[in-house]
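One structure is given below, encoded as structure tokens.
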Amino acid sequence: MNQDPLLSGLAGLTADPPEGLLDRIAARWVRVEGPLGEVSVAATDQGVAFLRWYGPHDDPAARESFAAEFRARFGRPLLQGDRPPAGLVPALRAGKAAGLRFDLRELSDFQRDVLTAAQRIPRGEVRPYAWIARQIGRPAAVRAVGTALARNPVPLLIPCHRIVRSDGAPGEYVFGAEAKERLLRHEGVDLDGLRDLAQENVFYLASDTTGIVCFPTCHNARRITPRHRHGFRSVAQAESAGYRACRTCRPGRWRRERQGGRRADHGAAAGGPAPSDAGERRARAVGGLGGQGARVRRGVGGQGRARRRGGVVA
């Protein structure tokens with residue numbers, strides 16, 4: 001990468017700069033292997049600040065643009081690092097950045113909240129954009145959530161690729177929709193199954209043995225056997241059938257509690273389209289998730305409280 005003029009100026013000083021000054025001014029960059037191929041990563045003295053992947057081909061011009069893109073965004077020069085930051089390589093391999101330090105000082109509080117929520121999504125699972133908005137206490141800010149995710153400075157490490165559209169489509173991604181789909185499939189997400197369910201207006205899966213309703217990729221939902229699996233259009237519809245929202249994937253709606261200023265999740269409609277007022281006909285969605293090729297029984301909405309008996313929603 002070309003020498004930065006600020007670094008050239010520091011090199012021309014007649015006296016040695018104070019200890020640690022260079023690390024406070026400049027960032028260090030390395031190239032390491034990631035799930036899509038080799039990535040460029042920049043880190044400051046505070047943590048990992050920037051990550052970019054420039055496609056499957058080793059393009060020197062693209063690598064050179066990393067420094068320019070970093071400087072334009074952060075106003076800092078880059079120096080070649082001698083080794084990756086601690087925890088970077090394991091985080092890229094495992095898809096989990098536990099213990100890895102980030103430098104997100106250039107982001108707003110809202111953007112940091114969005115990325116913090118995205119970090120809670122486990123490998124192999126996805127959530128809709130509306131879920132992020134609810135988690136940060138801004139349920140109406142779905143579009144703003146999408147904008148914040150698009151500006152994620154450290155994709156792959158903070159997994160914004162695990163946030164998808166509520167209709168089952170992967171949606172946009174900083175590295176392109178094709179790369180997003182490739183990442184999700186690599187992590188074990190059944191995108192075809194999600195699309196099949198969405199075409200049948202099924203956005204939540206419930207178990208009549210545990211009595212809980214989950215997002216379809218939740219590890220609890222993937223354990224439901226075919227004969228005990230039921231599909232619903234909304235959490236409200238599932239609750240009317242006697243189910244409660246999963247405490248792991250938290251599909252319910254956020255609202256602020258008046259008592260003690262606490263926040264809580266409530267199982268109202270969220271994530272998928274709103275249920276119809278007239279009630280929905282009984283149907284079956286073919287596909288299922290978790291490689292079980294199962295049929296999913298559809299719940300019945302708007303027709304009074306349903307009962308869970310004998311593996312059917314009556």
Quick one: are Ser40 and Phe70 in side-chain contact, heavy atoms under 4.5 Å?
-> no
Is there a donor-acceptor pair under 3.5 Å between the side chain of Gln111 and the backbone N or O of Leu107?
-> no
Heavy-atom side-chain contact between Arg162 and Glu125 under 4.5 Å = no
Is the number of heavy atoms from other residues, nucleotides or ligands within 6.0 Å of CZ (Arg105) greater than 12?
-> yes
Is there a side-chain contact between Arg127 and Thr217 (heavy atoms, below 4.5 Å)?
-> yes
Decide, yes or no, whether a salt bridge links Asp190 with Arg195 under the criterion of side-chain N to carboxylate O below 4.0 Å.
-> no
Lys/Arg-Asp/Glu bridge criterion (N-O < 4.0 Å) met for Glu69, Arg52 = yes
According to a 4.5 Å side-chain heavy-atom criterion applied to Ile, Leu, Val, Met, Phe, Trp and Tyr, with indirect links allowed, do Trp131 and Ile136 form part of one hydrophobic cluster?
-> yes
Can a salt bridge be assigned to the pair Glu178 and Lys180 using a cut-off of 4.0 Å between side-chain N and carboxylate O?
-> no
Arg123 vs Lys96 side-chain heavy atoms within contact, under 4.5 Å | no
Would you sort out whether His161 and Glu187 count as a side chain to side chain contact (heavy atoms under 4.5 Å, CB included), showing the intermediate values?
-> CA-CA 11 Å; His161 62 279; Glu187 293 181 346; 3.0 Å; yes
Kindly determine whether Asp208 and Ile224 satisfy side chain to side chain contact (heavy atoms under 4.5 Å, CB included), including the steps that lead there.
-> CA-CA 9 Å; Asp208 60 29; Ile224 306 173; over 6 Å; no
Test salt bridge (Lys or Arg N to Asp or Glu O under 4.0 Å) applied to Glu106 and Arg76, Arg73, Arg112, the passing residue | Arg73
Measure the shortest side-chain to side-chain distance between Ser108 and Asp113 over non-hydrogen atoms and say whether it is less than 4.5 angstrom.
-> no
Quick check, are the ring centers of Phe66 and Phe50 under 6.0 angstrom apart?
-> yes
Working for side chain to side chain contact (heavy atoms under 4.5 Å, CB included), residues Leu183 and Leu156 = CA-CA 9 Å; Leu183 278 170; Leu156 300 180; 3.5 Å; yes
Quick one: are Pro84 and Val41 in side-chain contact, heavy atoms under 4.5 Å?
-> no
Please work out which of the three classes, parallel, tilted or perpendicular, describes the rings of Phe232 and His230, given edges at 30° and 60°.
-> tilted
Side-chain contact, heavy-atom cut-off 4.5 Å: Val126 with Ile121?
-> no
Going hydrophobic residue to hydrophobic residue with side-chain gaps under 4.5 angstrom, can you get from Val39 over to Leu36?
-> yes
Any side-chain heavy-atom pair from Val189 and Glu181 closer than 4.5 angstrom?
-> no
Give, for atom CG of Leu78 and atom CD of Gln80, the distance between the pair rounded to the nearest 0.5 Å.
-> 9.5 Å
Between atom CZ of Phe102 and atom CD of Gln119, what is the distance when rounded to the nearest 0.5 Å?
-> 5.5 Å
